[in-house]
Amino acid sequence: MDTEERTRADARLLWDHHLMHHEPRPCSVAIGLGSHDLGVADTAVELYRRGMAPLLVFTGATSPTTRERMPRGEAVHYRERALELGVPDDAVLVEPRARNTGENIRFSRELLKEAGIHVSSVLLVSKPYEERRANATARKLWPGVEFVSASSPMTFEEYVASIQDDRLVIDMLVGALQRLMIYPGQGFMVADPVPDKVTAAYERLCRAGFTSRLVAGDAGVRR
């Protein structure tokens, strides 16, 4: 296996691990986590149309990745997309302040509480490679609620083609995996063990230089 094939194989291992493989089912609300990817809004709308949630919440401010692409904020752009796709205005709430996954969950929880909406289950809609991290974060910050993870049903190859930036996608896969390993110890999410073969793939990708999304101050590779 040459270097490029090894990199793609390792990236697929990380991709598959990040997916929770949940079957969507009707929930109290669907929460779409803001990002650079409008496909999150599209997936939330599709779930709404299928009767999986009577209400959509979009959460997110901006980040260095989205500041130019979504100048009005991720949640606002998601809402605009949903309205364009025919979702009624009164079926969409916006949480425009969150700047990380923990804030996505905490601020959405507060918004729904203030709106008097009882929540027993949440369809947690994210980018595919953020499913597991978002789920582990939500379980830490919102106990007593059942979370069903959802994302665009795409393969790794299809997602790379849609983003048109192989390196960016692999960097993000690596960054999301690092957070799965270090954030439980920092109290940000529940522990979600990473299989050895996935850890090995992650370390190879770090050594290959896919490190731009790693948390500062962490070497990325376990020595």
Side-chain angles (χ1 to χ4, degrees), residues 11-12 15-16 18-101 103-105 107-108 111-112 119 121-135 137-138 147-166 168-173 176:
R12 283 189 212 98
W15 174 271
D16 290 340
H18 285 310
L19 295 170
M20 296 294 292
H21 303 288
H22 288 170
E23 185 68 29
R25 67 167 185 79
C27 291
S28 306
V29 63
I31 298 178
L33 306 183
S35 73
H36 63 89
D37 185 359
L38 273 175
V40 174
D42 294 345
T43 300
V45 169
E46 177 61 23
L47 291 165
Y48 171 83
R49 287 174 173 166
R50 290 170 56 189
M52 296 296 166
L55 178 69
L56 303 179
V57 174
F58 293 126
T59 167
T62 59
S63 70
T65 308
T66 62
R67 193 166 293 124
E68 292 186 7
R69 190 179 305 181
M70 300 180 180
R72 294 182 297 284
E74 297 155 6
V76 172
H77 282 265
Y78 278 20
R79 175 184 177 276
E80 291 170 353
R81 177 72 156 220
L83 298 184
E84 288 173 4
L85 294 174
V87 177
D89 181 78
D90 61 1
V92 183
L93 295 178
V94 166
E95 185 294 296
R97 299 179 295 135
R99 296 186 181 277
N100 56 56
T101 306
E103 290 184 352
N104 287 143
I105 302 303
F107 295 168
S108 295
L111 177 68
L112 289 162
V119 177
S121 56
V122 171
L123 268 171
L124 200 57
V125 188
S126 67
K127 301 184 296 297
Y129 60 84
E130 293 286 3
E131 278 195 17
R132 189 170 295 276
R133 182 163 74 94
N135 189 282
T137 303
F147 292 94
V148 179
S149 295
S151 63
S152 299
M154 306 173 79
T155 65
F156 168 70
E157 287 77 12
E158 289 170 339
Y159 191 79
V160 168
S162 74
I163 300 300
Q164 298 185 330
D165 189 334
D166 295 37
L168 173 64
V169 173
I170 298 174
D171 278 347
M172 288 185 167
L173 290 173

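Throughout, residue positions are numbered sequentially from 1 according to the sequence presented.
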Novice: Looking only at heavy atoms, what is the nearest atom pair of N104 and A98, with distance?
Specialist: ND2-CB, 3.2 Å
Novice: Heavy atoms, side chains only, cut-off 4.5 Å: are V122 and C27 in contact?
Specialist: no
Novice: Can you sort out the partners of L111 under side-chain contact (heavy atoms from CB on, under 4.5 Å), two or more places apart, ordered by chain and number?
Specialist: V57, L93, E95
Novice: Report the distance from atom CG of N135 to atom CG of L19, rounding to the nearest 0.5 Å.
Specialist: 12.0 Å
Novice: A side-chain contact here means heavy atoms from C-beta on lying under 4.5 Å apart; do V125 and L47 qualify?
Specialist: yes
Novice: Enter the distance from S35:OG to H77:NE2 here, rounded to the nearest 0.5 Å.
Specialist: 12.5 Å
Novice: Could you list the residues that satisfy salt bridge (Lys or Arg N to Asp or Glu O under 4.0 Å) with D89, not counting sequence neighbours?
Specialist: R79
Novice: Could I get the full list of side-chain contact (heavy atoms from CB on, under 4.5 Å) partners for T62, not counting sequence neighbours?
Specialist: T66, R67, R99
Novice: Does any pair with a residue in residues 38-48 pass salt bridge (Lys or Arg N to Asp or Glu O under 4.0 Å), and if so which ones, sequence neighbours excluded?
Specialist: D42-R81
Novice: Please report the interatomic distance CG(L123) to OG(S149), rounded to the nearest 0.5 Å.
Specialist: 9.0 Å
Novice: Looking only at heavy atoms, what is the nearest atom pair of A61 and R97, with distance?
Specialist: CB-O, 3.8 Å
Novice: Between P54 and A91, what is the shortest heavy-atom contact and its length?
Specialist: O-CB, 4.1 Å
Novice: Please report the shortest heavy-atom distance between H21 and D16, naming the atom on each side.
Specialist: NE2-O, 3.5 Å
Novice: Looking only at atom types and distance, does a side-chain atom of S152 sit under 3.5 Å from a main-chain N or O of M154, one as donor and one as acceptor?
Specialist: no
Novice: Applying salt bridge (Lys or Arg N to Asp or Glu O under 4.0 Å) as the test, list every pair that has at least one member in residues 153-166; sequence neighbours left out.
Specialist: R8-D166, R12-E157
Novice: Keeping to residues at least two apart or across chains, list the ring-ring contact (aromatic ring centres under 6.0 Å, His included) pairs with something in residues 35-58.
Specialist: F58-Y78
Novice: With a 4.5 Å cut-off on side-chain heavy atoms, are E130 and K127 touching?
Specialist: yes
Novice: Taking all heavy atoms of L83 and all of V87, pick out the closest pair and write down the distance.
Specialist: CD2-O, 3.1 Å
Novice: From I31 CD1 over to F107 CZ, what is the distance, rounded to the nearest 0.5 angstrom?
Specialist: 13.0 Å
Novice: Once you measure the plane-to-plane angle for Y159 and W15, does it fall in the parallel (<30°), tilted (30-60°) or perpendicular (>60°) bin?
Specialist: tilted
Novice: Just by modelled atom types, is the P128 backbone N or O under 3.5 Å from a matching donor or acceptor in the H18 side chain?
Specialist: no
Novice: Mind checking ring-ring contact (aromatic ring centres under 6.0 Å, His included) for F147 and listing every partner two or more places apart, or none if nothing turns up?
Specialist: W142
Novice: Is a side-chain donor-acceptor pair under 3.5 Å present for E131 with S126?
Specialist: no
Novice: Can you sort out the partners of T137 under side-chain contact (heavy atoms from CB on, under 4.5 Å), two or more places apart, ordered by chain and number?
Specialist: T101, I105, R133, L141, M189
Novice: Below 4.5 Å, heavy atoms only, C-beta onward: do S151 and V40 meet side chain to side chain?
Specialist: no
Novice: With sequence neighbours left out, what residues match N100 under side-chain contact (heavy atoms from CB on, under 4.5 Å)?
Specialist: E103
Novice: How close do L124 and A138 get, counting heavy atoms only, and between which atoms?
Specialist: CD2-CB, 3.9 Å
Novice: Would you call L56 and V29 a side-chain contact if the rule is heavy atoms closer than 4.5 Å?
Specialist: no
Novice: In chain order, what residues pass the salt bridge (Lys or Arg N to Asp or Glu O under 4.0 Å) check against R25, with sequence neighbours excluded?
Specialist: E146
